[in-house]
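Single-structure report; data block below.
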Amino acid sequence: MTVRFHVRHAQRLIAGAGLDPAGIAKAAGLPEHVLGDDANGELPLVEYFRLRSLVMEQVRDETCHLSERQLLPGSTEFVRQHIPEEGTLTDAMRIVATSYNLLHGGEFNRVEETSSHIVFSVDDNTFPYTPEVTADEAFFLMETTLVFLHAFLSTIAPAPAVRGLSRVRVKRPHAPSAESHLAFWRVPIEMQAQEYSLLYTREEADAQIRFRRDEGTVDGRIDQMLRYGRTSDQTPIESQVAGFIEAGLHDQAAVAAAMGVSTATLRRYLSAQGLSFRGLRQRILDEKAKWLIADGLPPVEVAERLGFSDVRSFNRAFKAWNGVTPKGYGHPEVS
């Protein structure tokens, strides 16, 4: 199932910024009429974040003129630079919450602890929306903000963020449809909440780790999350395993433990779908390797990001998968 959003949200985003819908659609590689006044229907959620980035760049405001308080481009990277070399996901959450509060001039974000969870909450009751923002759009904006926050945290602490997320809370009274943007989440969603929240298990959130600084942009991470098992017809098991592999867990026993099952049970689940852990891992690592090579990264850096012990091991694996070395793949004229 493809995760989708209604085109009206993109139309409002573009109209609020005072931009030409046809021009934005063309820049995004979409048919010019798809965002016109008479357009209706749905688009893949990944397109919303692409459109949002285009609008943000043109109006030089990370809120896309949906808030009365501007966030200059680069605000997100500014927040990222305040993350230390190591700590816990909880530490990162507190820094992100505090930094955005300072940038946006209000106590909208906070991190709280319960006996079982670390909770990142966003309270928009006093948020300075522009007058044109309707209740329906506020729901959508904050729900996609949670997607953005989770993706941001997973660029800093990939494994604990992916493994640790156990629940999402939103203020919307009920889900708009089975194929809505809320289908992005593979964890339970609580409706009619007082605030918007991401709940991470304490076990994962309080684990000491080295933070990552090389996981790319937040929009790139959202694109990965949607492409790796969230925009296809994969089974829930395949999608969940793919998510853990993408987060950096390449050992079958480690993935099984993260899912709360035995290795034998995981193997049986995958076998029932005609899959193997080795084949699934190979496919995902191969896709990510090609994506990173196409993005201009040298093989030694790709090998490190994918968790290979050294570049020679990565070169051998890549050639076995594709019949060509990473260098040859990146430069087809090289034999």
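Values below: every heavy atom of this structure, side chains too, minus hydrogens, waters and symmetry copies.
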Open item on the list: What's the separation between atom CG in L146 and atom CZ in F120, rounded to the nearest 0.5 Å?
Closed with: 9.0 Å
Open item on the list: Minimum heavy-atom separation for F211 and G87, please, with both atom names.
Closed with: CE1-N, 3.4 Å
- [ ] Please examine the side chains of R167 and W185, heavy atoms only from C-beta on, and report whether any two atoms are closer than 4.5 Å.
- [x] no
Open item on the list: Determine whether a donor-acceptor pair (N or O, by modelled atom type, separation under 3.5 Å) exists between the side chain of D310 and the backbone of S313.
Closed with: yes
- [ ] Flag yes if more than 12 heavy atoms outside D37 fall under 6.0 Å of its CG atom; otherwise flag no.
- [x] no
- [ ] Mind running side-chain contact (heavy atoms from CB on, under 4.5 Å) on T134 and R12 for me, showing each step along the way?
- [x] CA-CA 10 Å; T134 65; R12 291 173 181 172; 3.4 Å; yes
Open item on the list: Keeping S53 on the side-chain end and F49 on the backbone end, is there a donor-acceptor pair under 3.5 Å?
Closed with: yes
Open item on the list: For the CG atom of L285 and the CZ atom of F308, what is their distance to the nearest 0.5 Å?
Closed with: 5.5 Å
TODO: Without swapping roles, check the side chain of N322 against the backbone of V324 for a donor-acceptor pair under 3.5 Å.
DONE: no
- [ ] Check M93 against V119 and note the closest heavy-atom contact, atom names and distance.
- [x] CE-C, 4.1 Å
Open item on the list: Measuring from atom CD of E107 to atom OG1 of T98, what distance do you get when rounded to the nearest 0.5 angstrom?
Closed with: 8.0 Å
Task: Shared hydrophobic cluster, V311 / L292 (ILVMFWY, side-chain heavy atoms < 4.5 Å) - done: no
Task: Distance, nearest 0.5 Å, that separates CG of L306 from CD1 of I245 - done: 12.0 Å
Open item on the list: Restricting to non-hydrogen atoms, name the atom on E42 and the atom on R4 that form the minimum distance, rounded to 0.1 Å.
Closed with: O-NH2, 3.0 Å
TODO: Step through the shown structure and confirm whether more than 12 heavy atoms of other residues, nucleotides or ligands are within 6.0 Å of CZ on R312.
DONE: no
Task: Minimum-distance pair of heavy atoms, taken over all atoms of V218 and A151 - done: CG1-CB, 3.9 Å
Open item on the list: What's the separation between atom CD in Q11 and atom CG in L51, rounded to the nearest 0.5 Å?
Closed with: 11.0 Å
Task: Short side-chain to backbone donor-acceptor contact, T325 and K319, under 3.5 Å - done: no
TODO: List the steps, then state whether salt bridge (charged side-chain N to carboxylate O under 4.0 Å, His left out) holds for E195 with R169.
DONE: CA-CA 7 Å; E195 297 174 340; R169 291 173 179 159; over 6 Å; no
- [ ] Treating Ile, Leu, Val, Met, Phe, Trp and Tyr as nodes and any side-chain heavy-atom pair under 4.5 angstrom as an edge, say whether L199 and F184 lie in one connected cluster.
- [x] no
Open item on the list: Restricting to ring-ring contact (aromatic ring centres under 6.0 Å, His included), what partner residues turn up for Y48, sequence neighbours left out?
Closed with: F5, F140
Open item on the list: Do R212 and P158 make a side-chain contact, defined as non-hydrogen atoms from C-beta onward lying under 4.5 Å apart?
Closed with: yes
Open item on the list: Go through it in stages, so that I can follow the logic: the residues are F318 and I293, the test is side-chain contact (heavy atoms from CB on, under 4.5 Å), and I'd like the CA-CA distance, side-chain angles, deciding distance and then a yes or no.
Closed with: CA-CA 11 Å; F318 191 90; I293 291 169; 3.9 Å; yes
Task: Working for side chain to side chain donor-acceptor pair (under 3.5 Å), residues S166 and H117 - done: CA-CA 9 Å; S166 69; H117 290 86; 2.7 Å; yes
Task: Distance-only donor-acceptor check, side chains S121 and R110, under 3.5 Å - done: no
I'd like a table of donor-acceptor pairs (distance under 3.5 Å, sequence neighbours excluded) in which one partner is a side-chain atom from residues 23-36, with atom names and distances.
none

Task: Approximate separation, where rounding is to 0.5 Å, of D124 CG and F139 CZ - done: 9.0 Å
TODO: Please test E113 against R202 for salt bridge (charged side-chain N to carboxylate O under 4.0 Å, His left out), starting from the C-alpha separation and ending with a verdict.
DONE: CA-CA 8 Å; E113 301 182 21; R202 293 200 65 136; 3.1 Å; yes
Open item on the list: Quick check: do W321 and R316 have side-chain heavy atoms less than 4.5 Å from each other?
Closed with: no
- [ ] Answer yes or no: is there a donor N or O on one side and an acceptor on the other, between the side chain of T155 and the main chain of F152, under 3.5 Å?
- [x] yes
Open item on the list: Using a 3.5 Å distance criterion without hydrogens, assess whether the side chain of S67 forms a donor-acceptor pair with backbone atoms of T63.
Closed with: no
Open item on the list: Counting C-beta onward and ignoring hydrogens, is there a side-chain heavy-atom pair between L149 and V122 closer than 4.5 Å?
Closed with: yes
Open item on the list: Are F108 and Y100 an aromatic pair, judged by ring center distance below 6.0 Å?
Closed with: no
TODO: Keeping the roles fixed (side chain from R69, backbone from H104), state whether a donor-acceptor pair exists under 3.5 Å.
DONE: yes
Task: Residue Q208 excluded, over 12 heavy atoms near CD under 6.0 Å - done: yes
Task: Expected output: side-chain S75 to main-chain L72 donor-acceptor under 3.5 Å - done: yes
- [ ] Heavy atoms only: give me the nearest A92-I156 pair and the separation to one decimal.
- [x] CB-CG2, 4.3 Å
- [ ] Would you please classify the geometry between the H6 ring and the H9 ring as parallel, tilted or perpendicular, with 30° and 60° separating the classes?
- [x] perpendicular
Open item on the list: In this structure, would V187 and M142 fall into the same cluster of hydrophobic residues linked by side-chain contacts under 4.5 Å?
Closed with: yes
- [ ] Output, in order, the C-alpha distance, side-chain angles, deciding distance and verdict of salt bridge (charged side-chain N to carboxylate O under 4.0 Å, His left out) for R172 and E190.
- [x] CA-CA 9 Å; R172 185 186 295 271; E190 294 181 13; over 6 Å; no
Task: E68/Y129 under side-chain contact (heavy atoms from CB on, under 4.5 Å): CA gap, chis, key distance, verdict - done: CA-CA 6 Å; E68 294 182 341; Y129 292 116; over 6 Å; no
Task: T76 and E62: CA distance, side-chain angles, deciding distance, side-chain contact (heavy atoms from CB on, under 4.5 Å) verdict - done: CA-CA 9 Å; T76 296; E62 288 198 3; 2.9 Å; yes
- [ ] Would you name the heavy atoms of M56 and C64 that are closest together and state the gap between them?
- [x] N-SG, 3.8 Å
TODO: Keeping the roles fixed (side chain from N101, backbone from A97), state whether a donor-acceptor pair exists under 3.5 Å.
DONE: yes
TODO: Examine L66 and L54 and state if one hydrophobic cluster contains both, with Ile, Leu, Val, Met, Phe, Trp and Tyr joined whenever side-chain heavy atoms are less than 4.5 Å apart.
DONE: no
- [ ] Please check if any side-chain donor atom of D206 sits under 3.5 Å from a side-chain acceptor atom of T88, or the reverse.
- [x] no
